[in-house]
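Remarks on the structure that follows.
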2 protein chains.
Amino acid sequence: MKDVAAAAEVALKTVSRVVNEEPGVNAATAARVVAAIERLGYRRNESARVLRKGRTASIGLVIEDVADPFYSGISRAVEDVALRNGSLVLSGSTGKEPERERGLVLTFCSRRVDGLIIVPTGSDHEYLLPELDAGIAAVFVDRPGGLDVDTVLSDNSGGARTGVTHLIRHGHRRIAYVGDSASIFTATERLYGYRHALRDAGLPYDESLVATGPAEQAGTALTGMLSFDDPPTAVFTGNSRITVAVLRTGHRLPMVAFDDFELADLLVPGVTVVAQDPVRLGSTAAELLFRRLAGELGTPERIELPTRLIPRGSGELRPS
Amino acid sequence: MKDVAAAAEVALKTVSRVVNEEPGVNAATAARVVAAIERLGYRRNESARVLRKGRTASIGLVIEDVADPFYSGISRAVEDVALRNGSLVLSGSTGKEPERERGLVLTFCSRRVDGLIIVPTGSDHEYLLPELDAGIAAVFVDRPGGLDVDTVLSDNSGGARTGVTHLIRHGHRRIAYVGDSASIFTATERLYGYRHALRDAGLPYDESLVATGPAEQAGTALTGMLSFDDPPTAVFTGNSRITVAVLRTGHRLPMVAFDDFELADLLVPGVTVVAQDPVRLGSTAAELLFRRLAGELGTPERIELPTRLIPRGSGELRPS
DNA sequence: ATGAAAGCGCTAACAA
DNA sequence: TTGTTAGCGCTTTCAT
């Protein structure tokens with residue numbers, strides 16, 4: 001900048017004014033400065049600017065795994081909103097490890113991101129409090145983080161309830177639930193929705209039809225249930241990975257799955273799903289964050305986005 | 001840092017030494033400083049550090065779309081390698097728009113990323129030259145960027161050749177090729193591989209069996225070919241989106257597809273694919289970049305990663 | 001082993 | 001309209 005000033009024979013500040021398009025610069029002077037900038041190939045040093053202004057125009061995004069379509073949908077949406085707000089996105093995957101999450105978040109904070117969008121892993125987020133005090137805004141997505149900050153969720157229990165009710169309407173009375181471990185917020189919510197649907201229909205809750213645990217065990221669990229004297233006639237699966245695991249068993253049981261997935265319509269029969277909207281989850285969270293960064297006050301919001309039942313065949317099969 | 005120094009009753013520089021784990025600090029003094037840091041909740045300001053040191057310990061990743069599994073695989077791999085090298089990743093999606101690519105790249109540069117990993121969109125990357133001169137390292141991935149810099153590609157032509165040869169071995173003599181527009185590097189390479197395989201087998205190249213264009217037209221193109229007097233008995237598809245489009249037509253033609261995709265094994269018949277390895281593409285590019293950042297010299301490398309044929313049923317069907 | 005001073009490149013506040 | 005000065009928080013250099 002100094003060199004540009006010298007080349008254009010003006011003061012440093014004038015160059016700064018031109019670069020930042022501040023008003024109050026003579027057109028001729030400005031032109032001279034622009035020419036000098038071109039000639040010298042000058043580009044503003046953002047680091048210095050950040051140091052001075054205190055705002056980095058960047059946000060941190062912490063998700064479980066970019067390679068998972070659900071999270072990459074969130075990523076893309078956050079990216080787009082950030083770009084529209086003149087902000088860049090630093091992102092990192094936690095791989096479900098709370099330690100890695102903590103590391104990423106703190107690293108982002110020490111780089112002075114303006115705000116954070118976090119899909120929380122683990123439940124203890126106390127470590128965030130000093131950062132929040134220091135003025136970094138945060139939004140939790142997909143799961144609550146145990147702190148009183150803005151949170152954007154899907155309607156997990158409502159979606160599960162709708163899906164299970166759909167099976168009941170098609171004549172099923174013994175419906176298996178295969179889902180994630182109870183330690184995971186979304187899994188608990190979805191199981192709650194399952195129970196709710198049964199209760200609505202006056203059906204008993206039979207624990208032997210409920211399997212919770214990692215996707216690797218989902219197949220065996222369901223196969224076990226099918227060997228009962230009174231086996232389930234349909235299954236509700238709690239997330240994509242479990243759905244795929246169940247499909248791989250080769251049982252073609254009537255089924256509704258939580259979470260949409262690519263090609264669900266090409267399988268035979270097509271898989272009926274309760275779809276979340278990852279893009280909307282991401283954009284809602286990002287919009288909320290940028291509103292906070294723009295100075296919007298008020299108590300933290302908790303937004304629950306609706307899910308959508310998409311019938312494709314597997315959920316409309318009657319008991320055989 | 002000033003506050004910490006005051007609290008620990010030492011000079012600024014001593015705090016700096018402790019924070020950076022530089023040698024030559026009395027253990028007792030260091031302990032006092034650490035205590036003060038804890039007490040005050042001090043965290044180093046990276047922006048200032050960057051301003052002083054000149055290195056940002058961050059790299060820029062420019063891809064087509066994080067929401068596409070191929071690119072998100074690359075992302076995840078780059079992220080992991082970056083983390084291992086103590087670096088953060090700024091990332092952005094171009095959505096195939098060269099203007100957006102340029103914007104992202106220049107923004108990243110003005111933030112003084114140490115290096116760039118780019119999946120190039122468009123062919124003109126002249127605008128990068130000044131940045132390269134300024135010392136920013138760059139690696140192209142998936143497609144060459146028209147500049148003489150490190151590049152990591154898949155063996156597109158070899159993979160296509162293997163896939164088409166596989167169909168020929170199963171008795172097909174009229175094989176359709178449905179692929180992306182010829183303006184896209186990978187598409188041209190794959191078409192070349194297709195022709196190569198035909199030539200190897202002494203089969204004629206019949207232009208009427210070749211359709212290139214956007215995925216939306218793939219279905220109609222293939223349907224058209226099937227109404228010929230002498231229709232193709234098998235099809236080779238040039239990328240995932242086209243594969244899906246072809247599958248949606250409902251023709252269950254013998255087929256080999258370029259690019260693996262989730263659930264390819266669950267369709268009936270399973271889809272035989274020529275798989276690329278996005279994770280390896282990303283990690284190779286990132287490793288290369290960090291080697292350059294570590295000062296490795298030498299002429300730009302061009303690495304071509306092998307593809308892998310995965311038979312699943314659709315590619316082993318004989319002509320009917 | 002510790003410290004003082006200079007300065008990275010920029011912008012805010014105030015002058016002229 | 002333009003310029004001067006100070007200082008963001010850190011590391012580097014040189015002294016002690």
Side-chain angles (χ1 to χ4, degrees), chain A residues 1-37 40-58 86 106-114 130-131 134-136, chain B residues 1-37 40-58 86 107-114 131 134-136:
Chain A
M1 197 174 240
K2 204 173 58 185
D3 295 345
V4 173
E9 297 177 310
V10 295
L12 205 63
K13 179 67 219 186
T14 304
V15 180
S16 170
R17 286 201 178 95
V18 172
V19 170
N20 293 297
E21 296 172 346
E22 283 172 32
V25 179
N26 186 306
T29 321
R32 243 180 29 249
V33 171
V34 170
I37 287 177
L40 276 61
Y42 166 80
R43 192 117 350 110
R44 176 172 65 195
N45 181 323
E46 287 302 317
S47 313
R49 171 166 229 253
V50 155
L51 177 60
R52 191 62 241 238
K53 302 207 78 160
R55 275 232 169 161
T56 56
S58 59
L106 293 181
T107 308
F108 289 165
C109 288
S110 74
R111 301 232 174 180
R112 298 293 188 272
V113 292
D114 300 329
E131 311 298 339
I136 293 184
Chain B
M1 197 175 237
K2 205 172 61 186
D3 296 345
V4 173
E9 296 176 310
V10 294
L12 206 62
K13 177 64 217 184
T14 303
V15 178
S16 171
R17 286 201 179 95
V18 172
V19 170
N20 293 297
E21 296 173 347
E22 284 172 32
V25 179
N26 186 305
T29 320
R32 236 172 44 240
V33 172
V34 170
I37 287 177
L40 275 64
Y42 166 81
R43 193 122 342 117
R44 174 172 67 193
N45 181 324
E46 289 301 318
S47 314
R49 171 167 228 253
V50 156
L51 177 60
R52 196 61 242 242
K53 302 208 77 160
R55 276 234 167 156
T56 56
S58 58
T107 308
F108 289 165
C109 288
S110 74
R111 301 233 175 178
R112 299 292 190 273
V113 293
D114 301 329
E131 310 298 340
I136 292 184

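Throughout, protein chains are lettered first and strands after them, A, B, ... in sequence-line order, and every chain is numbered starting at 1.
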Under 4.5 Å between any side-chain heavy atoms of [X] and [Y], yes or no?
X: B:Leu51; Y: A:Val50; answer: no
X: A:Ile136; Y: A:Phe108; answer: no
X: B:Glu46; Y: A:Ser110; answer: yes

Contact check, residues 27-36 of chain B vs DNA chain C, heavy-atom distance under 4.0 Å, returns B:Thr29
Hey, what do you get for CG (B:Asn45) to CZ (A:Arg112), rounding to the nearest 0.5 Å?
-> 4.5 Å
B:Leu12 CG to B:Asp3 CG distance, which is reported to the nearest 0.5 Å = 10.0 Å
Residue pairs fulfilling salt bridge (Lys or Arg N to Asp or Glu O under 4.0 Å) with at least one residue in residues 17-27 of chain B, sequence neighbours excluded = B:Lys13-B:Glu22
Please find the earliest and latest nucleotides of DNA chain C, in the 5' to 3' direction, that have an atom within less than 4.0 Å of any heavy atom of chain B.
-> C:dA1 to C:dG9
Nearest heavy-atom pair of A:Met1 and A:Val19: which atoms, and what distance?
-> CE-CG2, 4.5 Å
Sugar-phosphate only, base, or nothing, as touched by A:Val25 at under 4.0 Å among non-hydrogen atoms = sugar-phosphate
Counting any heavy atom closer than 4.0 Å, what does B:Val10 reach on the DNA or RNA strands: base, sugar-phosphate only, or nothing?
-> sugar-phosphate
What does nucleotides 8-16 of chain D look like as a protein-contact string, B for base, S for sugar-phosphate only, - for none, at under 4.0 angstrom between heavy atoms?
-> BBBBB----
So, using side-chain contact (heavy atoms from CB on, under 4.5 Å) as the criterion, who are the partners of [X] when residues are at least two apart?
X: A:Ala36; answer: A:Val4, A:Ala7, A:Ala8, A:Arg39
X: A:Leu106; answer: A:Arg102, A:Tyr127, A:Glu131, B:Arg43
X: A:Asn26; answer: A:Ala28, A:Thr29

How bent is the helix from C:dA1-D:dT16 to C:dA16-D:dT1, comparing axes over its five end pairs at each side, to the nearest 10°?
-> 30°
Residues which pass side-chain hydrogen bond (donor to acceptor under 3.5 Å, both in side chains) with B:Arg49, listed by chain and number, not counting sequence neighbours | B:Asn20
Which residues satisfy the side-chain hydrogen bond (donor to acceptor under 3.5 Å, both in side chains) test with A:Thr56, sequence neighbours excluded?
-> A:Ser58, A:Asp114
